[in-house]
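Chain identifiers are assigned alphabetically (A, B, ...) following the order of the sequence lines, protein sequences preceding nucleic acid strands; residue numbering begins at 1 within each chain. Quantities reported herein were computed from a predicted structural model and do not represent experimental measurements.
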Protein chains: 2
Amino acid sequence: MGTTQLESVPEPKYWHLRTVLSEALDSEFTVGEILPNERDLAARFGVARATLRQALEQLELEGRLQRRRGVGTTVAPPRVGVSVGSEQHAWPGAPDDVWQTVDCTPAVPPASVADALDSGRDEPVHIVRRSRVTHGQPVAAELLYIPQSSVPDLSAIDAPSGAARARAVLRELQRLELERQESAVELGSARADDAKELDRLPGAPVLVVTTRYIAEGRTAALSVATYRADTCRLTFGDSGRVEIHQDPQRQAS
Amino acid sequence: MGTTQLESVPEPKYWHLRTVLSEALDSEFTVGEILPNERDLAARFGVARATLRQALEQLELEGRLQRRRGVGTTVAPPRVGVSVGSEQHAWPGAPDDVWQTVDCTPAVPPASVADALDSGRDEPVHIVRRSRVTHGQPVAAELLYIPQSSVPDLSAIDAPSGAARARAVLRELQRLELERQESAVELGSARADDAKELDRLPGAPVLVVTTRYIAEGRTAALSVATYRADTCRLTFGDSGRVEIHQDPQRQAS
DNA sequence: CAGTGGTCTAGACCACGAT
DNA sequence: TCGTGGTCTAGACCACTGG
């Protein structure tokens, strides 16, 4: 009757389960509430634990659930919108910057980074590590690659590495006039170090934002920022507020 | 010696496997090449098939592999960059638009969409479906929500739905002056209908791009576009070319 | 039809957090 | 110490693709 098509191919159990759980989350649970444990839930739905876990994984991917080993599964708050590409371009480290500088080390960049920078493959760069925190939660970790040629007047007095060095590098960067910036977003999985900083397990889904800062016709800096995909919604465009807090895919049908 | 820390907590097998396979892909395989099947690979590495599959899933998520039921697992080509937010804003359906209009149906939008539009909750909208194809592959499916008040002068002569109607709606939209647009990107999983259009299984990871088109101080249209996360790199900023084709996270270390 | 990846099961053990 | 989610196993069957 209501079904537009007889399911000649029944949908997988875990997918159906995802739907059922999703609706239950909408109607019967509040943010932060703890769900029954996986073994109980599996028994309640009459499926193996692995199958239930497949459904939970989907919901976690969609930002609906949060699971922590040793604790349990809780209903996640709506994703937080984090502004990524504002139209009024600004250098990293500009006064209004939301990032926290961690440290700085000199290194020869990986080949892929060297190619994106318009410097030679062997030119050393400053690698500035930064982190971004919102609402008390770490949301992103960043590696900033800055060729030495972008900051030629660095005082040798400053330490060769560390947080003070990082701030000095960013301060020098402000002297260039930023022409424009280009960003790209893609899905990745957290490496061990990023995972630790983001308070997730290795392999957790992340949104990788690669930004080229262009000044004087060349790439003066390259940022690779790793955002938690489960908790973040990346916003582009000036205001940074696209206020759809419910899943924008969800249909009234 | 070389190890900075004795692994008091050994890394999971699947994660190690992912690393080994990833390096093998770099050095011993070419794009499009078919890998041995899962049962053979699992036997070769001395793990259960489920464990091997966990590693393959990671690599597929990262866009390194492509798996197709009944066919096999192949080495994926580099992700294709698709331009999403150009700085020279333009309405959907503008002459240079990369989207292909599919059809149009009138409907009352889901509550979350109605709230994002600044129209009343009960104002009907035109829902224009469009699809985006690059290099012969479908990369995105879009739903465009356009309040009737944004296109008041639609001729009643045109059909009430269908592709012709869709084009008429977009044509009318051009008459408004676009002030700006705001976009947000987040991770989602493909619903059944999107999955079919994108040639993926339900639940496949997608990047959901929500864009508000703002004219005359209000949201004149809302786009919810679903991109394949495995094959796409979304680019923002005019040129649309941030050319890091290798995994930008990969470290030389 | 044979071979592939996709789903599912019923267990086991482990790492972590709280108590 | 106990309960949680995370990892892993060794099977089974199914759905899809191709020849």
Base-contact (B) and sugar-phosphate-only (S) positions in nucleotides 4-10 of chain D, heavy-atom cut-off under 4.0 Å, - elsewhere: BBBBSB-
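- Considering only residues two or more places apart in sequence or on other chains, B:Pro12 meets the side-chain contact (heavy atoms from CB on, under 4.5 Å) condition with B:Tyr14, B:Trp15.
- Considering only residues two or more places apart in sequence or on other chains, A:Asp40 meets the side-chain contact (heavy atoms from CB on, under 4.5 Å) condition with A:Pro36, A:Asn37.
- Residues satisfying the side-chain hydrogen bond (donor to acceptor under 3.5 Å, both in side chains) criterion with A:Asp103, sequence neighbours excluded, are A:Arg129.
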Exercise answer: donor-acceptor pairs, residues 44-51 of chain A side-chain atoms, under 3.5 Å, sequence neighbours excluded:
{"residue": "A:Arg49", "atom": "NE", "partner": "A:Glu38", "partner atom": "OE1", "Å": "3.0"}
{"residue": "A:Arg49", "atom": "NH2", "partner": "A:Glu38", "partner atom": "OE1", "Å": "3.0"}

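- Contacts classified as salt bridge (charged side-chain N to carboxylate O under 4.0 Å, His left out) and involving residues 131-142 of chain B (residues at least two apart or in different chains) are given here: B:Arg130-B:Glu142.
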